[in-house]
Protein chains: 2
Amino acid sequence: MSGTHSDVPSVLAHELPRPVPLDELAACPVGEVFRRVGDKWSMLLMILLGHRPYRFNELHRAVEGISQRMLTRTLRGLENDGLVRREVFPTVPPGVEYSLTPLGRSLLEPLSALADWAVRHGSALGRAPEPR
Amino acid sequence: MSGTHSDVPSVLAHELPRPVPLDELAACPVGEVFRRVGDKWSMLLMILLGHRPYRFNELHRAVEGISQRMLTRTLRGLENDGLVRREVFPTVPPGVEYSLTPLGRSLLEPLSALADWAVRHGSALGRAPEPR
DNA sequence: CTGAATCCTCTAAGATACTG
DNA sequence: CAGTATCTTAGAGGATTCAG
């Protein structure tokens, strides 16, 4: 990474005058983020957890539509990414509380910019892509 | 950014105190945007097209790793979403030029916020999720 | 209550090969 | 050059069942 810090924000401002050897683009950090939280449920859970900590079944009921399997897998993924923290309370019955890490909370901010855009221009995206 | 302090700005700041009937969450605009451009190639192409118009094979070479099929499908999707414009020049041989619509360009901005975050905190996401 | 383990389905995506 | 048409595979995601 060359430290060419133009005042225009971030990677998108780089000049890409020629065919890019993928070294630049595949390493595109936006892509990485999308790969992590771009799945069906991740950011949904993150938005929920952005408000307050939730317990497992609490999340299960809140999202209602997610399977237990995917809830577990998604939470594990977010935990491995350092976005979500998992805290176990050895009570009876056992309780597990999920919350956002500072990193996760920080991700919520740029995500809100995206949400903001979606609210304003989202209607233009309304039509689904034609099947087949 | 209407960044007040402890609260998350914009849409994400909605109160979600109770089990959400999915009417709220499924309609989550962030989710919709992710569904559209959250796939493997969309934002990659959008970033490229953010710099200049490209022709089909030009894109094919630039991304190098994408199949013709996916390039076509992704471009069609972006076109249907109103993010990319397709212009045909009836020359010999035929030339087709792809470029970003104003809507597409506007999406690039919040995307840059995300890229910005990724550049700063992306390293924390470095470790891949465990392979099963 | 919080998961893990199985099984199954459906779609995204790659590889070719063929056309206007 | 700019696609379309098939075929095939890998993985995401759901339903269900079992366990600590």
Side-chain angles (χ1 to χ4, degrees), chain A residues 19 22 25-26 31-32 34-45 48-49 53-81 84-99 128-132, chain B residues 19 22 25-26 31-32 34-45 48-49 53-81 84-99 128-132:
Chain A
L22 240 218
L25 275 180
E32 261 312 291
F34 270 75
R35 305 272 172 78
R36 304 305 179 106
V37 297
D39 61 287
K40 197 175 181 182
W41 304 108
S42 284
M43 85 242 133
L44 221 58
L45 293 176
L48 271 176
L49 295 176
Y54 276 79
R55 283 181 300 105
F56 186 84
N57 274 351
E58 206 176 356
L59 281 173
H60 195 200
R61 274 185 297 272
V63 178
E64 188 175 2
I66 194 175
S67 60
Q68 283 182 348
R69 179 183 134 90
M70 286 320 292
L71 181 54
T72 303
R73 287 181 69 91
T74 304
L75 286 172
R76 288 276 179 271
L78 292 174
E79 188 191 359
N80 285 334
D81 287 340
V84 160
R85 183 182 171 194
R86 179 176 178 265
E87 235 176 327
V88 184
F89 298 97
T91 58
V92 189
V96 179
E97 194 175 273
Y98 292 92
S99 57
E130 86 293 352
R132 163 153 202 85
Chain B
L22 242 214
L25 275 181
E32 260 313 291
F34 269 75
R35 305 274 173 78
R36 303 305 179 107
V37 296
D39 60 288
K40 197 175 180 181
W41 304 108
S42 283
M43 85 242 132
L44 220 58
L45 293 175
L48 271 175
L49 295 175
Y54 275 79
R55 284 179 300 105
F56 186 85
N57 276 348
E58 206 176 357
L59 281 174
H60 195 200
R61 275 185 296 272
V63 177
E64 187 174 3
I66 195 176
S67 61
Q68 283 182 347
R69 183 184 133 90
M70 286 322 292
L71 182 54
T72 303
R73 286 183 72 91
T74 305
L75 286 171
R76 287 275 179 272
L78 293 174
E79 188 191 0
N80 285 335
D81 288 338
V84 159
R85 183 182 171 195
R86 178 176 179 267
E87 236 177 326
V88 185
F89 299 97
T91 58
V92 190
V96 178
E97 194 175 273
Y98 291 94
S99 57
E130 84 298 351
R132 173 166 193 84

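Chain identifiers are assigned alphabetically (A, B, ...) following the order of the sequence lines, protein sequences preceding nucleic acid strands; residue numbering begins at 1 within each chain.
- Between A:R35 and B:K40, some side-chain heavy-atom pair lies under the 4.5 Å cut-off.
- Rounded to an integer number of Å, the gap from OH of A:Y54 to C1' of C:dT2 is 18 Å.
- Residues passing the side chain to side chain donor-acceptor pair (under 3.5 Å) test with A:S42 are A:D39, sequence neighbours excluded.
- Note: CG (A:D39) to P (C:dT11) measures 18 Å, nearest angstrom.
- Residue B:Y98 is in sugar-phosphate contact alone, with no base atom involved, counting any heavy-atom pair closer than 4.0 Å across all strands shown.
- We find that CZ of A:R55 is positioned 11 Å from P of C:dG3, with the value rounded to whole Å.
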With side-chain contact (heavy atoms from CB on, under 4.5 Å) as the criterion, how do A:L59 and A:L49 come out once you've worked through the C-alpha distance, each side chain's angles and the decisive distance to 0.1 Å?
CA-CA 9 Å; A:L59 281 173; A:L49 295 176; 4.2 Å; yes
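- Between A:R86 and the phosphate of C:dT2, there is no side-chain N or O to OP1/OP2 separation shorter than 4.0 Å.
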I'd like to compare against my own output: the B/S/- annotation of nucleotides 14-20 of chain D with a strict under-4.0 Å heavy-atom distance to protein.
BB-B--B
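- Between B:F56 and B:Y98, the ring-plane angle classifies as tilted under the 30° and 60° cut-offs.
- Straight-line distance from the CZ atom of A:R73 to the C1' atom of C:dT6: 13 Å, rounded to whole Å.
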Checking A:Y54 against A:L45 for the side-chain contact (heavy atoms from CB on, under 4.5 Å) test, could you report, in this order, the C-alpha distance in whole Å, the side-chain angles of both residues, the deciding distance, and whether it holds?
CA-CA 10 Å; A:Y54 276 79; A:L45 293 176; over 6 Å; no
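- One atom, CZ of A:R35, and another, P of D:dG11, lie 14 Å apart when rounded to the nearest Å.
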Go through the steps to decide whether B:H60 and B:N57 satisfy the test side-chain contact (heavy atoms from CB on, under 4.5 Å), and finish with yes or no.
CA-CA 5 Å; B:H60 195 200; B:N57 276 348; 4.2 Å; yes
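- When heavy atoms are screened at a 4.0 angstrom cut-off, A:T72 is found touching the sugar-phosphate backbone but no base atom.
- Counting to the nearest Å, the C1' atom of C:dA4 and the CZ atom of A:F56 are 10 Å from each other.
- With rounding to whole Å, B:E97 atom CD is found 12 Å from D:dG3 atom P.
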Working note: A:L75 + A:L71, criterion side-chain contact (heavy atoms from CB on, under 4.5 Å); need CA distance, chi angles, decisive distance, verdict.
CA-CA 6 Å; A:L75 286 172; A:L71 181 54; 3.8 Å; yes
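- Put simply, CD on A:E87 is 17 Å from C1' on C:dC1, counting in whole angstrom units.
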